[in-house]
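Quick notes on the structure that follows.
Letters A, B, ... mirror the listed sequences (proteins, then strands); counts begin at 1.
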Number of protein chains: 2
Amino acid sequence: MNLLPILEPATDEACCAPAGTPALGAEEAKQKALVFKALADPNRLRLLSIIKASSSGATCVCDLTDPLDLGQPTVSHHLKILVEAGLLHREKRGTWAYFSLAPGALDNAAGMLANL
Amino acid sequence: MNLLPILEPATDEACCAPAGTPALGAEEAKQKALVFKALADPNRLRLLSIIKASSSGATCVCDLTDPLDLGQPTVSHHLKILVEAGLLHREKRGTWAYFSLAPGALDNAAGMLANL
DNA sequence: GACCTACATTGATGGCTGTCAATATTGGCG
DNA sequence: CGCCAATATTGACAGCCATCAATGTAGGTC
């Protein structure tokens, strides 16, 4: 990734270190938080799970409303959030909208945790 | 919530698959969402980053307030959330409280994404 | 064209959350 | 014991968020 500012422990006393700049920049943190925000809802996790488990790899909204006990607009809203976070891919085919996992998106999120 | 009257769509046709039970259970999803909720804040990500980058592996609160531009109570609040999510470990030593990464916690969270 | 179906958008609302000021607690030190 | 320093807790408040009802849009069918 990028170079981290080395923390120089050199300070006065016992308690702690200086900690001038944090290891993770404010902007970068904000960006990464967006992905985890999208993952921070039980129903969205279940949506991802269902879509991932789907044999065809693509699922339409009518498949997703029933198992979640949510209204159709709510599911549509969650799907939008997941798409905007880059986790899902939407493909409109005729009247139906098919959703599939964005390739590598989950791995990418997992990598964020490893490279904090 | 309550039971929704099942609309009999009579459209048993071509759209999708049955989708009886979702792959991820409601309770399980709620539990996992708690971890991601803890990760879904930029300042908490930066806290984790600073603590992880700390040479000693343990950092006290006084090290964490300055680089984040947040008040001490707010930082304390964020740390509490991270501890309760199982991501951090708190060790009180005299007047100071030292925080360190909970071993394997980040890997565990990354695993959740892989095993959705 | 008229109508239906699948999905998206809007508006409203209750609940959650991040932040701060003020205060409480706890340990160390004289 | 009295005081200070480090941290935690409480209360209050603004902003965000998940949800639903109602409506809009667009594709398919007759």
Item checked: Nearest-Å distance for atom pair CG/P, residues B:L64 and C:dT19 -> 14 Å

Check: With distance as the sole test, does A:R44 use its side chain to make a donor-acceptor pair with the main-chain N or O of A:K37 at under 3.5 Å?
Finding: yes

Check: Is B:L113 reachable from A:V83 through a run of hydrophobic residues whose side-chain heavy atoms are each under 4.5 Å from the next?
Finding: yes

Note to self: Over all strands shown, is A:R93 touching base, sugar-phosphate only, or nothing at heavy-atom distances under 4.0 angstrom?
What the structure shows: nothing

Notebook entry, point to check: Of A:T95 and A:A40, whose closest DNA chain D nucleotide lies nearer the 5' terminus?
Noted result: A:A40

Next item on the list: For the side chain of A:C62, starting at C-beta, report the closest nucleotide among C:dT19, D:dA8, C:dC7.
Entry: C:dC7

Checklist line | Spacing of A:I81 atom CD1 relative to D:dT19 atom P, expressed in whole Å | finding: 9 Å

Note to self: Taking atom CD as the centre, does B:Q31 end up with more than 12 heavy-atom neighbours from other residues, nucleotides or ligands that are less than 6.0 angstrom away?
What the structure shows: no

Note to self: Let's see if you can work this out: which of C:dA8, D:dA18, D:dT7 has an atom nearest to the side-chain heavy atoms of B:C60?
What the structure shows: D:dT7

Notebook entry, point to check: Short question: side chain of A:S49, backbone of B:L116 - any donor-acceptor pair under 3.5 Å?
Noted result: yes

Check: Between D:dT19, C:dA22, D:dA5, which nucleotide gets closest to the side-chain atoms of B:P73?
Finding: C:dA22

Next item on the list: Using atom CD of B:E91 as one end and atom P of D:dA6 as the other, report the distance to the nearest whole Å.
Entry: 18 Å

Next item on the list: For B:H78, answer base if it contacts any base atom (sugar-phosphate contacts may also be present), sugar-phosphate if it contacts only those atoms, and nothing otherwise; contact means non-hydrogen atoms under 4.0 Å.
Entry: sugar-phosphate

Note to self: Just N and O in the side chain of A:T74: are any of them under 4.0 Å from OP1 or OP2 of D:dA18?
What the structure shows: no

Notebook entry, point to check: D:dT9 phosphate, OP1 or OP2: any side-chain N/O from B:K80 under 4.0 angstrom?
Noted result: yes

Notebook entry, point to check: Of all the nucleotides listed (C:dG18, D:dT9, C:dC7), which has the minimum atom distance to the side chain of A:W96?
Noted result: C:dC7

Check: Does B:S76 have a side-chain nitrogen or oxygen under 4.0 Å from the phosphate oxygens OP1 or OP2 of D:dA8?
Finding: yes

Note to self: Taking only side-chain N and O atoms of A:R90, does any of them lie within less than 4.0 angstrom of OP1 or OP2 on C:dC7?
What the structure shows: no

Margin query: Quick check on D:dA8: is either OP1 or OP2 less than 4.0 Å from any side-chain nitrogen or oxygen of B:K92?
Written below: no

Notebook entry, point to check: B:D69 has an atom CG; how far is it from atom C1' of C:dG18, in whole Å?
Noted result: 15 Å

Note to self: Rounded to whole Å, please give me the gap between CG in B:L70 and C1' in C:dC20.
What the structure shows: 10 Å

Notebook entry, point to check: Between atom NE2 in B:H77 and atom C1' in C:dG18, what is the gap in whole Å?
Noted result: 7 Å

Margin query: Tell me the interatomic distance from B:Y98, atom OH, to C:dT26, atom P, rounded to whole angstroms.
Written below: 20 Å

Next item on the list: Drop me the distance from A:R46's CZ to A:D41's CG, to the nearest 0.5 angstrom.
Entry: 11.0 Å

Check: Of the nucleotides C:dC7, D:dT7, D:dG27, which one has an atom closest to the side chain of B:Q72?
Finding: D:dT7

Next item on the list: Using atom NZ of B:K37 as one end and atom P of D:dA18 as the other, report the distance to the nearest whole Å.
Entry: 7 Å

Margin query: Please determine whether the number of non-hydrogen atoms from other residues, nucleotides or ligands lying under 6.0 Å from atom NZ of A:K52 exceeds 12.
Written below: yes

